Amino acid sequence: MSDKLIYMDNSATSPVDPRVLETMLPYFNEEFGNASTLYRLGVEAKKAVDKARKQVAELINADVDEITFTSGGSESDNMVIKGVALKEIQKATEDNPRNHIITTTIEHPAVLETCKFLEKFGFEVTYLPVDESGIINLDDLKAAIKESTILITIMHSNNEIGSIQPTKEIGEIARENKVLFHSDAVQSAGKIPVDVKEQNIDLLSISGHKINGPKGVGAVYIKKGVRLEVLIHGGGQEKGLRSGTENVPGIVGLGKAAEIANQELEERMKHNQEIRDALIEKVTNTIKDSYVNGSLENRLPNNVHFRFSGIEGESLILRLDDKGINGATGSACSTHDLKGSHVLAAIGVKPALSHGSLRLSIGPENSIDDVDYIVESISEVVNYLRNLSPLWDNKTDTYIGDLFEKDVDEEDLDRY
Amino acid sequence: MEEYSDKVKDHYRNPRNTGVIENPSGEGTVGNPVCGDIMTIYINVDENEVLTDVKFSTFGCGAAIATSSMITEMAVGMTVDEAYNITRNDVAEELDGLPPIKLHCSNLAADALQAAIDNYRYKKENGEI
Ligand SMILES: Cc1ncc(COP(=O)(O)O)c(C=O)c1O
Ligand code: FES
């Protein structure tokens, strides 16, 4: 066990920046007013929410009144996709059902499961494939658009392998075809430039806890003029788009986190990429049969995703935890449903190999000085697990997993 | 994540009886790397049908490593017939329980031990040992 803590799972969640926490604190018990009330406390709360709206708008180059606060990335995705679907289907005619949505196979479950849900109600969804770097093909997108297409929802960047989509071009295609374009930018905001105007985005989701802000708060950008059906009805907060007494401390925290991320964007990108590139160089040079999943081009500067043959990811994560290093894996054994990562499958990583994956996602608090310790630790753990693994031949120091592979049969499935 | 019991943690941190037995009395492999888990168990059996040595190698999660380690400890000193009757619940109980989603990993350990014993019995019947 180690006293160290090197947290490198910032794409899962990130620690609240002390400056953010400090800004939030008064709104719990001093300035605790309800933003809808008339007296000073309420007015102060309203002002704080409006300030945060401006800070979030500036991060993505939107106008202030185009920002609506939500409870996080998942709610933002649900609100947009279901809201557009329900709005547009009302315009269905005999010739045009207005029920077609285009997305990708590598979206976050907040998008994928929402699309699957809509399929139950007569919506039709096209799931575009991606290449081995995790990027869609624009010709596939053009070919998928038809009369009944109402929405393209394609993530700005991927949470597992960090691939960045050609958002600007997707937006252009959407505009030419008069289709709305939503982008889940939960992993991009504060990590790379996100500019809704330049990138032709109509609807965009972001989340507080991925940018060193609090959990349980997020925002959507809804371009002026775009209409959605409302999902959460009630007292009419957020211009009636999302009722419920505002989470003032959370919103203030999201605003402050957005402001800091915006100010420090360039610096952070440089810092993250420096650490990422050092990790990639040292890991792939020291550890036999280690690979990077996805491509190094068009990739978030804070994301690296390794693959080590012959070992399983959950045991890797547990052993790294004992050494004070926190990362993530796409291994089936680590998930709730024991299915491997849909993203690694989509970029063509063989199932037997996708189990041995490790995602490290870098944040502002990580230091280049830790890289050597991290690489040594990974190397030690990978060697230990390979020693234990029937898929690794210790005499010849090679991967022999192919010998064991067979089609998944009934007997295997029975066990689950 | 649901936390593993202290015993599970102890066994995946310090797995017992890891490695390969050269020329074992029996060996069995179960699982499929495509599903993320595969386990080999090696056994040595003496003239009284007692397991004198049991070793394993495993590709799998923390629970898979812990159950393989645990079952090797349980099996040593048992007769072949006794060891054959170890169930996945026996292993899970010895480990002070497993998260429900991880129960199949203990299945794997019981299956691998049975496969090794089947292999030993087959070899014996065919006069290979
Ligand atoms: C790409 C992406 N979209 C949506 C979400 C969900 O965000 P939240 O946890 O704020 O609901 C996440 C976070 O895991 C994500 O990575
Ligand atoms: S080996 Fe896959 S869950 Fe245990």
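In the text below, chain A, chain B and the rest are named by the order of the sequence lines, each starting its count at 1. Owing to the predicted nature of the structure, the values given are computational and were not obtained by experimental measurement.
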**Q** Name the region of B:Ser68, side chain, backbone, both or neither, that has any atom closer than 4.5 Å to a heavy atom of chain A.
**A** neither
**Q** Which atoms of B:Ile101 come close to chain A, meaning under 4.5 Å heavy atom to heavy atom: side chain ones, backbone ones, both, or neither?
**A**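 For B:Ile101, heavy atoms of backbone and side chain both lie under 4.5 Å from chain A.
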**Q** With a 4.5 angstrom heavy-atom cut-off, is it the side chain or the backbone of B:Ala64 that approaches chain A, or both, or neither?
**A** neither
**Q** Please round to the nearest 0.5 Å and tell me the distance separating atom NE2 of A:His355 and atom SG of B:Cys61.
**A** 11.0 Å
**Q** What do the steps show when you test B:Arg13 against A:Asp322 for side-chain contact (heavy atoms from CB on, under 4.5 Å), and what is the final call?
**A** CA-CA 9 Å; B:Arg13 283 199 181 113; A:Asp322 286 347; 2.5 Å; yes
**Q** Please give me the minimum heavy-atom distance between A:Ser389 and B:Phe59, naming the atom from each residue.
**A** OG-CB, 3.7 Å
**Q** Using heavy-atom distances under 4.5 Å, tell me whether B:Pro15 contacts chain A through its side chain, its backbone, both, or neither.
**A** both
**Q** Should we say atom CD of B:Glu128 is surrounded by more than 12 heavy atoms from elsewhere, each under 6.0 Å from it?
**A**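 Yes.
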**Q** Locate the shortest heavy-atom distance separating B:Asn14 from A:Arg319; write the atom from each residue and the value.
**A** N-NH2, 4.5 Å
**Q** Heavy-atom count check: over 12 atoms from other residues, nucleotides or ligands less than 6.0 Å from B:Asn23 CG?
**A** no
**Q** Closer than 3.5 angstrom, by distance alone: can the side chain of B:Thr58 be matched with the main-chain N or O of A:Leu388 as a donor-acceptor pair?
**A**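 Answer holds: no.
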**Q** With chain B as the partner, which of A:Leu318, A:Asn394, A:Leu385 has the greatest number of non-hydrogen pairs under 4.5 Å?
**A**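 Among the listed options, the one with the most contacts to chain B is A:Leu318.
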**Q** Under a 4.5 Å heavy-atom cut-off, does chain A meet the side chain of B:Lys9, its backbone, both or neither?
**A** neither
